[in-house]
Structures are given as C-alpha cells and as structure tokens.
Novice: 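Please see the structure below; I have some questions.
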Amino acid sequence: MKTIYLLLILNLVSLSIDAQETFTPYSAPAEVPKTATELWQDYDAQKESLDIQVIKEWKAEGVVTQYVTFKVGTFKGTEARIAAYYSYPDNGKRNAAFVWSHGGGQRAERGRGVYFAKQGFATVDINWLGRPMEEDISINTDWGNVDPSQGPRFYSKALRAGWKRNLLPDDYSIDPVPSPRNANWFLLTVAARRAITFLEQQPEVAPNRIGFTGFSMGGMITALTAIDQRLKAVAPFVGGTGFKYVDFPGGIQGSSLKPHFQNLELYKNTIDASAYWPSVKCPVMFISSSNDFHSTFERIYKSMDLLKHPNWRVTTNVHFNHGPGPEQWVMLNLWFDQYLKGIDQKIPATPASNLTLNTSSFIPSATFTVTPSDQDRLVNTEIYYSYDPNSRTRFWTRANEKSAKGIWSTQVPLPADLPIYFFAICRYQLDKPQALERGETNTFALNSEEQSFIPESINLSALVSLADPNLIFEDFSNGSRDWSSRDQRSIKTYKFQNPKLDRSHIKKLAIEIDPQGKQLALRLNISSQFLSRENNLGNFSYTTRITGDQPRELVIAAADFKNTDKKKLEWSKIATFEVTLIDEKTRGKIDLTSPQGHAILKQIRLID
C-alpha cells in the first residue's frame, strides 16, 4: 500500500513537472525585457526534454530520413510540438549539421534533406507552419494553446485568422501585457533553438559543428537565432534584415512596418533583427536578390555593418525579387563546407569599394571603384547604379565599367537632390561544377560593399529630368541582361522604373515581333506592387495573337491594358513588366532568354 501511495506521489510530481510552463508570464510592464539580450538571457533551450518521436523512416541512396516530432515547450498549460524531417548520411560518422527553416506559406521538404545529406550534412528541416508534409501521415506540428502560424489557410489548428505581428496580448499569447514574447517571431525562435538542441543530441551529428539557415521568414528566424553561441555559421536567405521600422528615403509610403506597432521602441530593441546582429559572433553569409521585398537591399548592408567581426559576405542576383540564382545558392554549400566541415573553400573577401563625389565641376559626378580579391579566379565584374531610393522596385543600370591594374571603376552624373547607389557583382570560377538541389553551377558570385550618397533633401520629381527621349526600351543587343526569368521562358524587368526612360503619358508601347510562321499568343503582365503606396495601381494584363512569316509591330496604348478595378495604367507607375510568348501549336513558351527568342521578340519601344 505504501509502495502504491509513493508511486502515486511520484507520478503526480512528474505530471506537475511535465506541465510546468516554459515561460512564467509577466504580470506587469516593468517585468518585460527591454533588449534582445535581456529577452533571451534566462532561456535554456537544453533544459526541457525534447521527447523525440520518430514517426517514419526512409533509407535510400546512402541517406536516412526520419519524420520526427519533438517538444518545443509548454505554453498556456499545453505542450507545443513541431514536426520535422531529420536527414543524415548513412556513413556511421558524426557529421556537420544545420537547421533549415522554411519560409512563409511553405513547409519542410524531404528532398531538401536528402540533397544535403548527399553533400555530407545532417539536417533538421522544421515544419513550423504546420502544413501537411506526407499524404499518409496526419501527425504534424501542433502549437497547442499558442499560435505563431499564418492562419487557417496553412495551419489547420490555427487560433488566429492570420499572422500576428504586434506585441500586444491576446487569448493566445504568452504574456498578458505588451511583450516581445507575444510576437510570433519569439515562439518561432524558441522552436529554432530547440531544433539546435535536437541536432546536438543525435549520434550522427558533431555537436560542435552546427549551423543555421532559412528562407524568407526562415531567414528572419535565422537572424534571431544567430546569437545562439552553439552555432558556428549562419546563412539567411532573402530575410533577416533589421531596420524594418525605417522608411526608405524620399517619402516612399508603405516602405516600413512602423504603422503596425503601438510599442515601436520595444519592437526595435527586442524583435527587429537590428537588435540581434551586434551580438552575432559566427560567420554570416547573406543570400538574397537585388530587388527583394523582404530583405531590402540597403537593409542588408546596414545589418551586416552591425556585426562586430568582418567575417560576412553578401551575394545577390540582379533584377530579381525573392529568388536567388544558382550562383547564390552555391554559397550556402561553400559557406557551410568551410565553417562547419572545416574544409577551406578559399572564399574571397568582400570586394572593397569606394565612392568619390565630384561636386565642383560643371556637371557633378560620382565615381565608384571596386577592387576584387583573388583575381586569378575572377571571371568578370559588373557594376550597377541607381538614383531610386525604393530598393524593391528600382532598376539597377549596368554601368560602363572600366578596369585598370585590378581596379574596376565607373563615373556617372550626380543630379541635384537625388540619392545615388552603387554596388558590384564579382563572379568567380569554381574548381569544378557544383551540383545543387536544382541544377548546377560552375561559378559563384559575391557582392561588393554597397556605396551610396543620400542628400539631406530629396526631390524625387527630379528623376523626370533624366529622361532621354531617344532611349530604346529594349533591343536585346545585350541579350536579357536587364531582365529576370524564373522559368527560363518568360522574362520580367524593372525597366519602367529607369528614370532615363521617357514615360510620358502620351507614349504608346511598340513591340516588334517576328512570328517566323508560328501562331503565337502574346501575354503582357504588369504590376505596380511595392511602389510608393500612392503609385500602386495594382495589376494589369494584355493579350493578343500574332501570326505570319514577317516581322510586325504591335502598338499598344496604356488604355489597352486591363485591370480588375478599372484603373487606368500609367507608364511611370509600372514596377514590373513581364513578357510571355506561347507557341499555340505546341502550347509551349518561347524561350525569351535565348538568342532564338530574341529573333522573335525583336524590340520594345515607347513611341509618340
């Protein structure tokens, strides 16, 4: 009887411990941490049991993948658990490892872990959003009585209608007072730190060789997790910049998150990534795109400037939004090979750059120089500049750079009352082709330091004075250099934001096409997204059919573009312009990135 009574007491004690809250709620504003350091100083991600459960296992091609769940913590009386794929090489060794955190609207992916296992890494790919991962497995992420998800569209157990950005309390937050622990980012960072603990405990992982990476919102999670001293390297993708509360210069409306916060100072000091980068001690590879909406260009460099060490790099492709290319993706492999595996990849230093202003001459000018290192492997150097402070929609003009004695330079006019921005992309040769999860690459790219001049007074109306009425929109003499393409078929550009283009409202769009005997369908898609709020007209489209065996010119008025809200298109308020040509016989898209495609789509002009 005494034995039974003793067991009952032990069970009750065990249940009490198991149900203990991970965080004791703050009861008054004075208790709330005021800095990122204070916010995390008492949290121990190794303290609570993970209670790991292996739901399913796959073995193939020398890789083991497990569908697992583990405990994040206990919040508001209920355990929160996260699902993940854990993949590792079946080699009997302790491997370098890293956490992958997916982006918004995404999910963990089994194939990603298999790819990296074949590259010699163990990975845990956390499914923080809770989207289904396998058709035959219903067990998944369950946040219990809290909800850091994006709502029921993605997470079937969502408690809120959508993403919670602010720090205010509600029925599903940790604290009953305004607190950084009420932001979704906090709980997701807790999950991220628990994923590091998960890797530490695996027999296939070298616990002193762990990194972290993530895409988009996962990039932000990477930035907030990067202060964890257990990490040896991090690589945020298209996310993770600080200063999201700061508007772009020139009064670009809608360029910051400032209006969303009633507790702006608390957000700045505890949740914004700018509060974290000064404390990050490990090497950082920032992977992004020149026109990224989430990790905007200047904010990347402002964030890296906060690091107290020089071991960082930035790599972006140009004219893309939220879509790094192969030359950027490969940097994840190289970075983690170097800093997690300890294999020297001879990654060049960030190319040094300099900006000199000449304001005393009759025509003021700006001179940008860049000096790449490791020039024996250098393939080429491209310099870009812009006068547009809106980095989400700016058109980066390729400069006519010159090189002498290992220094690349360009000189461009410096108009009054306008900012100017420069950077260079330095392309290097790999020792051998690198297979990626999708495709392969023979080269990698590193950005120079960005240089800029921002005058005290900015007058964006001065951009109109730069227009050249003789400038041709596109003749493809430089191929598709000024365009991006996601599918290597359709092409998209920010060229309508080039201030050198005469975008007068009286202009019409003239497109020269040689159908070459094919029956073609032309589709033009236009978006004003991410322009200053007053200039965002929405989306427009235009479609037509073209046949024949001789070149012909289509002349299209702004009024010919259709908009669901019946708005009238203005050429100057176009952020992105996308062209698609479809061969109606084969139903395939014409490759407009190729010379063959340019022989069909020959020229685009704005005419009177």
Side-chain angles (χ1 to χ4, degrees), residues 213 215 219 233 235-241 283-292 295-298 300-301 304 311-339 345-353 368-386 391 394 396-399 401 403 406-408 410 421-451 478-486 488 494 593:
T213 184
F215 192 90
F237 277 78
V238 294
T241 56
V284 180
M285 170 59 69
F286 208 111
I287 302 171
S288 194
S289 297
S290 68
N291 291 76
D292 198 76
S295 56
T296 60
F297 202 74
E298 278 72 55
I300 295 174
Y301 287 93
M304 295 300 94
N311 202 357
W312 59 269
R313 308 288 190 279
V314 173
T315 179
T316 70
N317 51 0
V318 69
H319 308 309
F320 277 81
N321 169 29
H322 221 55
E327 293 181 322
Q328 287 71 50
W329 276 95
V330 73
M331 293 312 303
L332 176 65
N333 298 60
L334 299 181
W335 203 246
F336 282 174
D337 277 348
Q338 177 147 330
Y339 293 106
Q345 300 300 302
K346 298 180 174 59
I347 299 171
T350 295
S353 63
F368 173 83
T369 62
V370 60
T371 309
S373 62
D374 295 39
Q375 294 191 14
D376 57 323
R377 293 190 291 153
L378 188 68
V379 175
N380 64 7
T381 297
E382 303 168 356
I383 296 177
Y384 295 90
Y385 71 96
S386 176
S391 61
R394 71 166 57 120
W396 284 103
T397 299
R398 174 71 182 273
E401 63 268 350
S403 64
I407 300 174
W408 277 254
T410 190
Y421 305 86
F422 289 94
F423 82 104
I425 292 178
C426 299
R427 184 167 288 105
Y428 291 91
Q429 189 71 44
L430 286 166
D431 292 337
K432 60 182 179 180
Q434 171 68 55
L436 303 172
E437 185 180 359
R438 297 175 181 86
E440 68 172 28
T441 184
N442 296 301
T443 54
F444 66 91
L446 290 177
N447 285 26
S448 74
E449 299 165 335
E450 186 192 27
Q451 299 291 342
N478 292 310
S480 53
R481 185 182 73 180
D482 295 332
W483 302 70
S484 65
S485 180
R486 294 288 184 128
Q488 299 304 304
Y494 291 92
T593 69

Novice: So how far is it from Y385 OH to T397 OG1, rounded to the nearest 0.5 Å?
Specialist: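 Answer rounded to 0.5 Å: 5.0 Å.
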Novice: Side chain of T315, backbone of A445: donor and acceptor closer than 3.5 Å?
Specialist: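 Yes; judged by distance alone, with no hydrogens or angles, the pair exists.
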Novice: My understanding is that only one of L334, L332, N333 makes a side chain to side chain contact (heavy atoms under 4.5 Å, CB included) with F336; could you say which?
Specialist: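 Of the listed options, the one satisfying the test is L332.
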Novice: Can V330 and L430 be said to form a side chain to side chain contact (heavy atoms under 4.5 Å, CB included), step by step?
Specialist: CA-CA 10 Å; V330 73; L430 286 166; 4.2 Å; yes
Novice: Please round to the nearest 0.5 Å and tell me the distance separating atom NZ of K432 and atom CD of E440.
Specialist: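 If I round to the nearest 0.5 Å, the distance is 12.0 Å.
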Novice: I'd like to know whether I383 forms a side chain to side chain contact (heavy atoms under 4.5 Å, CB included) with W408, so could you lay out the CA-CA distance, the side-chain angles of the two residues, the decisive distance to 0.1 Å, and finally the verdict.
Specialist: CA-CA 8 Å; I383 296 177; W408 277 254; 4.2 Å; yes
Novice: Please work out which of the three classes, parallel, tilted or perpendicular, describes the rings of F444 and Y428, given edges at 30° and 60°.
Specialist: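 Geometry flag for F444 against Y428: parallel rings.
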Novice: Tell me, please, which residues at least two apart from T593 pass side-chain hydrogen bond (donor to acceptor under 3.5 Å, both in side chains).
Specialist: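 T593: side-chain hydrogen bond (donor to acceptor under 3.5 Å, both in side chains) contacts with D591.
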Novice: I need the minimum non-hydrogen distance between I347 and R313, along with the two atoms involved.
Specialist: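 Nearest pair, atom of I347 first, then R313: O-NH2, 3.6 Å.
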Novice: Is T213 reaching over with its side chain to a backbone N or O of A235, donor-acceptor style, under 3.5 angstrom?
Specialist: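 Indeed, once roles are kept as given, a pair shorter than 3.5 Å links the two residues.
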Novice: Over 60° means perpendicular and under 30° means parallel, so tell me whether F423 and Y384 are parallel, tilted or perpendicular.
Specialist: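 The arrangement is parallel - the two ring planes meet at less than 30°.
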Novice: Is a side-chain donor or acceptor of Q338 paired with a backbone partner of W335 at a separation under 3.5 angstrom?
Specialist: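 Judged by distance alone, no pair lies under 3.5 Å.
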Novice: What heavy-atom pair brings H319 and W483 nearest, and what distance separates the two atoms?
Specialist: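 Shortest heavy-atom contact: CD2-N, 4.1 Å.
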Novice: Any side-chain donor-acceptor pair under 3.5 Å between Q451 and S353?
Specialist: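 The criterion, which ignores hydrogens and geometry beyond distance, is satisfied for S353 and Q451.
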Novice: When you compare the side chains of E327 and T441, does any donor N or O come within less than 3.5 Å of an acceptor on the partner?
Specialist: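 There is no such pair (donor and acceptor under 3.5 Å, judged by atom type) between the side chains of E327 and T441.
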Novice: For residues H322 and P324, report the shortest heavy-atom separation together with the two atoms involved.
Specialist: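 Heavy atoms of H322 and P324 come nearest at C-CD, 3.9 Å.
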Novice: With no hydrogens and no angle check, is any side-chain donor or acceptor of R377 less than 3.5 Å from a backbone partner on D431?
Specialist: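 Absent.
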Novice: Please test N311 against Y339 for side chain to side chain donor-acceptor pair (under 3.5 Å), starting from the C-alpha separation and ending with a verdict.
Specialist: CA-CA 11 Å; N311 202 357; Y339 293 106; 3.0 Å; yes
Novice: Using only atom types and a distance under 3.5 Å, with no angle test, would you say the side chain of Q429 pairs donor to acceptor with the backbone of N442?
Specialist: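 Yes; at least one donor-acceptor contact below 3.5 Å.
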Novice: Once rounded to the nearest 0.5 Å, what's the spacing between atom CD of E450 and atom OG of S290?
Specialist: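 Atom-to-atom, E450:CD and S290:OG are 11.0 Å apart.
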Novice: For V284 and M304, what are the C-alpha separation, side-chain angles and deciding distance, and is it a side chain to side chain contact (heavy atoms under 4.5 Å, CB included)?
Specialist: CA-CA 8 Å; V284 180; M304 295 300 94; 3.9 Å; yes
Novice: Do E382 and R481 meet the salt-bridge criterion of a basic N to acidic O distance under 4.0 Å?
Specialist: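 Result for this pair is no, no salt bridge flagged.
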Novice: What verdict does the side chain to side chain contact (heavy atoms under 4.5 Å, CB included) test give for I300 and S288, after you've listed the backbone C-alpha separation in whole Å, the side-chain angles of each residue and the deciding distance to 0.1 Å?
Specialist: CA-CA 9 Å; I300 295 174; S288 194; 3.8 Å; yes
Novice: Of all the heavy-atom pairs spanning T350 and S448, show the shortest one and how long it is.
Specialist: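 What the structure gives for the nearest pair is CG2-C, 4.1 Å.
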Novice: Does any N or O in the side chain of N447 come within less than 3.5 Å of the main-chain N or O of T316, such that one atom is a donor and the other an acceptor?
Specialist: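 Present.
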Novice: Heavy atoms only: give me the nearest G323-N317 pair and the separation to one decimal.
Specialist: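 Scanning both residues completely, I find the closest heavy atoms to be O-ND2, 2.7 Å.
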Novice: For N291, does its backbone N or O pair with a side-chain atom of S289 as donor and acceptor, under 3.5 Å?
Specialist: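 Between the backbone of N291 and the side chain of S289 there is no qualifying donor-acceptor contact (under 3.5 Å).
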Novice: Within this structure, what is the CE-CD1 distance for the pair M331 and I287, rounded to the nearest 0.5 Å?
Specialist: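 That separation rounds to 7.5 Å.
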Novice: Could you tell me if the side chain of P351 sits less than 4.5 Å from the side chain of T371, heavy atoms only?
Specialist: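 They are not in contact (no side-chain heavy atoms under 4.5 Å apart), so the answer is no.
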Novice: Please find the pair of heavy atoms, one from A349 and one from L446, that lie closest to each other, and give the distance.
Specialist: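 Nearest pair, atom of A349 first, then L446: O-CD1, 4.3 Å.
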Novice: If you round to the nearest 0.5 Å, how far is CE of M285 from CZ of F237?
Specialist: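 Atom-to-atom, F237:CZ and M285:CE are 9.5 Å apart.
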Novice: According to the interplanar angle, ranging from 0 to 90°, do the rings of W312 and Y301 count as parallel (below 30°), tilted (30 to 60°) or perpendicular (above 60°)?
Specialist: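 W312 vs Y301 ring planes: perpendicular.
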Novice: For N321, does its backbone N or O pair with a side-chain atom of D292 as donor and acceptor, under 3.5 Å?
Specialist: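 Between the backbone of N321 and the side chain of D292 there is no qualifying donor-acceptor contact (under 3.5 Å).
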Novice: Please confirm whether W396 and Y494 have ring centers closer than 6.0 angstrom.
Specialist: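 Ring-ring flag for W396/Y494: false, centres at least 6.0 Å apart.
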